[in-house]
Amino acid sequence: MRVTLLGTGDTTGTPTVGCDCATCERARDRGVERSRFSVHVENERTGDCLLIDASPDFRHQFAETGADLPDAAVITHIHFDHLDGLGNFYRLLDDLPVHAASEVDPFTGESVADSVRERYDYLDVVDVFGQEPLTTFSTCGLELTLVPVEHPPMACYGLVVEDPETGAKLSLSGDTSYDIPQASRDALRDPDLLLADAIVPASLAPKHPMGGSDVVDGVPMTFGTKHMTREGALRLSEDLDADETRLVHLAHYYPVNEAFAEPLAVDGEVYEL
Ligand SMILES: [Zn+2]
Ligand SMILES: [Zn+2]
Ligand SMILES: [Zn+2]
């Protein structure tokens with residue numbers, strides 16, 4: 001399984017358009033980017049490619065990395081930065097099966113699968129398949145499991161991707177607070193590679209209007225209510241016993257001396273599992 005980190009940034013990305021903060025300037029100087037979130041997984045046994053979330057930066061990401069077009073996609077939730085890239089598939093493919101959770105989200109009154117189906121009703125290429133959370137399904141010769149996480153107010157899912165032949169395992173936290181349900185943690189456990197939402201360091205929690213939450217030993221594991229802090233993501237990595245962890249969905253608010261330190265990811269990283 002070959003995993004390419006297409007987009008490792010939050011909803012504005014780094015560098016953020018119009019921003020001259022030290023972190024954005026350093027990113028420009030170094031020629032690195034954190035575009036909107038997306039991951040490409042190639043099953044090297046079959047040649048099939050899976051896209052995890054459809055970034056609005058799709059065209060730039062595929063042009064930069066030379067990644068093969070996907071044979072299927074998974075959408076974790078309906079926020080702009082994970083969904084709106086689907087429009088890019090017009091005229092690129094004849095058919096793109098898109099998998100998303102089938103359970104009804106009390107906030108929107110419909111499932112993620114239904115929301116995606118309605119939003120892309122005009123686009124014949126997008127063919128949506130509802131999948132039961134915590135129930136494994138197959139695509140691209142891989143076994144996938146959507147796991148409920150906490151990203152209030154809307155439904156959001158992490159994802160497990162396993163190769164049934166090689167045993168390789170990729171786990172993604174999805175956009176989430178530290179308060180991930182136990183059944184989801186159990187499914188995510190013991191990955192070869194964990195991609196964990198770590199939007200800002202815990203030191204910035206006081207800057208959020210709601211502060212931090214899920215405080216452990218005085219340190220907020222969650223920034224506001226929707227995303228893990230760096231410290232929360234690293235604690236999750238320990239709890240899941242991940243072999244390797246990359247922090248993703250990163251904001252330009254990281255202080256410049258912390259923004260490019262390990263294990264914070266940048267776009268274009270490739271992992272062989
Ligand atoms: Zn900035
Ligand atoms: Zn989100
Ligand atoms: Zn997001």
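When a ligand or atom number is given, it counts from 1 through the structure's own listing order.
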Novice: Run the ring-centre check on His151 versus His82 and record whether the distance is less than 6.0 Å.
Specialist: no
Novice: Look at the side chain of Thr176 and the backbone N and O of Ser173, then say whether any donor-acceptor pair between them is shorter than 3.5 Å.
Specialist: no
Novice: Ignoring hydrogens, what is the shortest heavy-atom contact between Gly174 and Asp197? Give both atom names and the distance.
Specialist: O-CB, 3.4 Å
Novice: Would you call Arg36-Asp57 a salt bridge at under 4.0 Å N-O?
Specialist: yes
Novice: Rounded to 10°, how big is the angle at the Zn ion (ligand 2) from His77 NE2 to His151 NE2?
Specialist: 110°
Novice: By atom name, which N, O or S atom belonging to His252 lies closest to the Zn ion (ligand 1)?
Specialist: ND1
Novice: Calculate the angle formed at the Zn ion (ligand 3) by OD2 in Asp81 and NE2 in His82; 10° precision is enough.
Specialist: 90°
Novice: Can you give the angle His79 ND1 - the Zn ion (ligand 2) - Asp175 OD2, rounded to 10°?
Specialist: 170°
Novice: Any idea how Phe62 and Phe58 line up, ring-wise: parallel (<30°), tilted (30 to 60°), or perpendicular (>60°)?
Specialist: tilted
Novice: Can you tell me the angle formed at the Zn ion (ligand 1) by SG of Cys24 and SG of Cys19, to 10°?
Specialist: 120°
